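Take a look at the structure set out below.
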Amino acid sequence: MGQVRKIPMRTCTGCRQEKNKKDLIRVVRSKEGDVSVDMTGKKNGRGAYICPNQECLEKAIKNKGLEKTLNISGIDEEVYRQLRKELGENNE
């Protein structure tokens with residue numbers, strides 16, 4: 001019998017739905033407090049996940065989902081710009 005691998009699930013900070021980790025975009029806060037978009041999903045630090053669509057990003061901004069998950073107050077606008085750019089490229 002082959003071993004069944006468990007699929008890692010994460011919750012989107014926008015829609016609050018649990019989805020496959022591979023289907024989400026990771027935003028990471030390093031120990032130094034730097035926040036960045038982690039397209040590899042392998043950077044060290046505290047991670048927050050978001051669905052790759054504009055609606056979830058806007059919800060996460062409105063409800064401060066990324067800030068709450070990353071335990072910080074305020075995220076640099078550059079991080080949101082980078083996320084919007086990634087989402088724009090994914091939707092074309």
Side-chain angles (χ1 to χ4, degrees):
M1 295 274 179
Q3 184 147 1
V4 179
R5 292 196 56 185
K6 191 171 182 221
I7 298 170
M9 301 295 279
R10 298 292 181 267
T11 302
C12 170
T13 56
C15 66
R16 308 298 301 156
Q17 290 183 351
E18 215 176 72
K19 299 193 178 179
N20 184 335
K21 180 180 168 182
K22 287 187 173 101
D23 296 336
L24 300 171
I25 297 173
R26 185 170 187 248
V27 179
V28 67
R29 174 182 51 86
S30 68
K31 285 183 180 172
E32 293 76 34
D34 300 324
V35 177
S36 61
V37 178
D38 179 12
M39 295 313 291
T40 64
K42 294 184 177 4
K43 286 184 182 176
N44 287 332
R46 173 131 181 113
Y49 295 83
I50 190 160
C51 294
N53 69 54
Q54 204 68 42
E55 290 167 35
C56 286
L57 176 58
E58 296 310 321
K59 283 182 191 173
I61 293 170
K62 189 177 176 187
N63 69 17
K64 299 196 181 305
L66 290 173
E67 285 98 327
K68 289 174 188 167
T69 305
L70 297 174
N71 295 330
I72 55 171
S73 57
I75 288 183
D76 188 11
E77 189 58 39
E78 183 55 40
V79 173
Y80 290 129
R81 259 197 297 278
Q82 190 178 350
L83 280 168
R84 284 190 180 102
K85 183 175 172 238
E86 286 297 328
L87 296 179
E89 289 170 5
N90 286 347
N91 292 339
E92 287 176 12

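This structure is a prediction, so every number in the text was calculated from the model and none was measured.
We find the CD1-OG distance between Ile75 and Ser36 to be 10.5 Å, quoted to the nearest 0.5 Å. Annotation: the span from Arg46 atom CZ to Thr69 atom OG1 amounts to 7.0 Å, rounded to 0.5 Å. The distance from atom CD1 of Ile50 to atom NZ of Lys19, rounded to the nearest 0.5 Å, is 10.5 Å.
Side-chain N or O atoms of Thr13 include one that pairs as donor or acceptor with a backbone N or O of Tyr49 at under 3.5 Å.
Transitive grouping of hydrophobic side chains (ILVMFWY, heavy atoms separated by less than 4.5 Å) brings Val27 and Ile61 into a common cluster. Hydrophobic clustering places Ile25 together with Leu70 (ILVMFWY residues linked when any side-chain heavy atoms are closer than 4.5 Å, directly or through intermediates). Note: the hydrophobic cluster containing Met39 also contains Val35 (ILVMFWY, side chain heavy atoms under 4.5 Å, direct or indirect links). By the rule that hydrophobic residues join a cluster once side-chain heavy atoms approach within less than 4.5 Å of another member, Val28 and Tyr80 end up as members of separate clusters.
Under the side-chain contact (heavy atoms from CB on, under 4.5 Å) criterion, Glu55 pairs with Asn53, sequence neighbours left out. With sequence neighbours excluded, the residues that form a side-chain contact (heavy atoms from CB on, under 4.5 Å) with Asp23 are Asn20. A search for side-chain contact (heavy atoms from CB on, under 4.5 Å) contacts involving Asn44 returns nothing, not counting sequence neighbours.
Closest non-hydrogen pair, Leu66 versus Leu83, comes out as CD1-CD1, 4.1 Å. Closest of all the heavy-atom pairs between Cys51 and Leu87 is O-CD2, 4.2 Å. Heavy-atom minimum distance, Gly45 versus Arg26: O-NH2, 3.0 Å. Residue Glu67 comes nearest to Gly74 through the heavy atom pair CG-N, 3.5 Å, listed as atom of the first residue, atom of the second, then distance. Residues Gly14 and Asn63 come closest through the heavy atom pair O-ND2, 3.9 Å.
Note on Glu77 versus Arg84: salt bridge recorded, some NZ/NE/NH1/NH2 to OD/OE distance being below 4.0 Å.
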Review point. After noting the C-alpha distance and the side-chain angles of Thr40 and Asp38, does the key distance pass the side chain to side chain donor-acceptor pair (under 3.5 Å) rule?
Key: CA-CA 5 Å; Thr40 64; Asp38 179 12; 2.7 Å; yes
